[in-house]
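Encoded as structure tokens, the structure appears first; notes follow it.
The structure presented is a predicted model; accordingly, all values stated were derived computationally and were not measured. Chain letters run A, B, ... following the sequence lines, proteins first and then strands; every chain starts at 1.
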Protein chains: 2
Amino acid sequence: MALEHAILVSLAERSASGYDLARRFDASIGNFWKASHQQIYKVLARMEADELVTSEAVAQEGRPDKKVYAITAAGRSELAAFTATPTGPEVLRSDFAVKLRALPFGDRDAIVASVRRRRADHAAQLAEYEASAARFYPDPEAVPADHLGAWLVLRGGIRAERGGLEWCDEILQSLGEDRRAAR
Amino acid sequence: MALEHAILVSLAERSASGYDLARRFDASIGNFWKASHQQIYKVLARMEADELVTSEAVAQEGRPDKKVYAITAAGRSELAAFTATPTGPEVLRSDFAVKLRALPFGDRDAIVASVRRRRADHAAQLAEYEASAARFYPDPEAVPADHLGAWLVLRGGIRAERGGLEWCDEILQSLGEDRRAAR
DNA sequence: AGGAGCATGTAACTAGTTACATGATTGT
DNA sequence: ACAATCATGTAACTAGTTACATGCTCCT
């Protein structure tokens, strides 16, 4: 149910249309929660019925009209209440790990190719996060209080990507594929 | 759809009942894929209809009878085919990160408590993985070929837990809670 | 007497995915 | 002419969760 809460955080930071939210979920928020636009519209409708958010129609010229959603007082207290609930263990679902574990029963070359692709993805994502960090938080000792959460999550993203990258390197090395990988 | 494939890997390693699979999903497989017993029974039934697995009733004394599932030839080729498909980007869903990002809108002490709990969970899981590694793979240079996938996944688990632990420490330090955390 | 472990499920529900639909504007 | 971006959705489906049901054995 935390898609709701991810949307509330995003709207607490800044009001937005469903479309805007979908783009944020492709970028910064998507760093820890992925959601499709269809799912977002569905959940927004429910949240509006529950009065966690309100919407206002905004006419635009040269572009389709949009509905801008804003968090309500009830939404803010729901979000605060959420932060006070204990967090259960994270639900893991990694296709990549399933494939890796299937190594003795599968296509070794294809798996190596997957590892290489994944390594490249981690490297690209890491570069993107590091660019964001350098741009928005040039001085890590002086992060504004209202950005502390976002900063810490970004730091987590950087760590996760770096960790994933190193894991890929270890895998390639174990499989004796590190020379080709380094090319 | 990769729960199916996670089950196939598990059955390729060794035939098992639904109950056994559920326990494996709590332990080794659960390291990268979580599933409840209800979901497992449901998927097993579908997989049997699709002839990816077969079941055999086994009577037991002093215990309820069980159905032992085994992978079929079709199951093995499905698993091999799966390893050859490209892996999409991982779907992330982290309640913890949502909470952390909600820091400016939430209950700071409760969030700090969450971080501490999570740190302890990572430490416990890490210890468990390291114990498994020491026990089953005392010589990392000589991992048998049929265990290479399992070993690499375990290595990934160790890296992920260590990374998560370090992230928690960084968060506590940023929040000025590291002294109390170290106690 | 009560709880944990073994063992398999059903029923009702919520969450999320995939495919499709519409229609204007801007850029190649 | 075609694709991309803006913008919002519906419909049909699959996956996963939560709650409940049953019953036997072994341990405290």
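- If you check distances only, the side chain of B/K42 never reaches the base of C/dT10 with a donor-acceptor pair under 3.5 Å.
- Using a 4.0 Å cut-off between charged side-chain N and carboxylate O, B/D26 and B/R23 make no salt bridge.
- In this structure, NE2 of B/H37 is placed 12 Å from P of C/dG9, rounded to the nearest angstrom.
- In this structure, the CG atom of A/D20 is 16 Å from the C1' atom of D/dG9, given to the nearest Å.
- Phosphate contact (OP1/OP2 of C/dT8, side-chain N/O of B/Y19, threshold under 4.0 Å): absent.
- Applying the side-chain contact (heavy atoms from CB on, under 4.5 Å) test between A/Y69 and each of A/S10, A/S15, A/S55 identifies A/S55 as the sole match.
- Mapping A/S36 and B/Y69 onto DNA chain C via the closest heavy atom, the residue that lands nearer the 5' end is B/Y69.
- Look at B/R93 and you'll find a side-chain N or O under 4.0 angstrom from OP1 or OP2 of C/dG16.
- When the side-chain nitrogen and oxygen atoms of A/Q39 are compared with OP1 and OP2 of C/dT17, none of them lie within a distance under 4.0 Å.
- For A/P64, the listed nucleotide lying nearest its side chain is C/dG23; candidates were D/dG9, C/dG23, C/dG16.
- Put simply, A/R63 has no side-chain N or O that comes within less than 4.0 Å of OP1 or OP2 on C/dT26.
- Taking the ring axis of A/F32 as reference, the NZ or CZ atom of B/R101 does not stay both within 45° of it and closer than 6.0 Å to the ring centre.
- The distance between atom CD of A/Q38 and atom C1' of C/dC20, rounded to the nearest whole Å, is 10 Å.
- Using a 4.0 Å cut-off between charged side-chain N and carboxylate O, B/R24 and B/E13 make no salt bridge.
- In the model, B/S28 has no side-chain atom that pairs as donor or acceptor with a side-chain atom of B/N31 under 3.5 Å.
- Residue B/S17 has a polar side-chain atom (N or O) positioned under 4.0 Å from OP1 or OP2 of C/dT8.
- Between the CZ atom of A/F25 and the C1' atom of C/dT17 there is a distance of 16 Å, given to the nearest Å.
- Not one side-chain nitrogen or oxygen of A/Y41 sits closer than 4.0 Å to the OP1 or OP2 atom of D/dG9.
- The interatomic distance linking B/R23 (CZ) with C/dA4 (C1') rounds to 13 Å, in whole Å.
- Across the protein-nucleic acid pair, B/M47 atom CE and D/dA15 atom P stand 12 Å apart, rounded to whole Å.
- D/dG9 atom P lies 14 Å from atom NZ of A/K66, rounded to whole Å.
- In this structure, CG of B/D50 is placed 12 Å from P of D/dT14, rounded to the nearest angstrom.
- You'll find that the side chain of B/Q60 is closest to C/dA7, out of C/dA7, D/dG16, D/dG9.
- Taking only side-chain nitrogens and oxygens, A/K34 never comes nearer than 4.0 Å to OP1 or OP2 of C/dG16.
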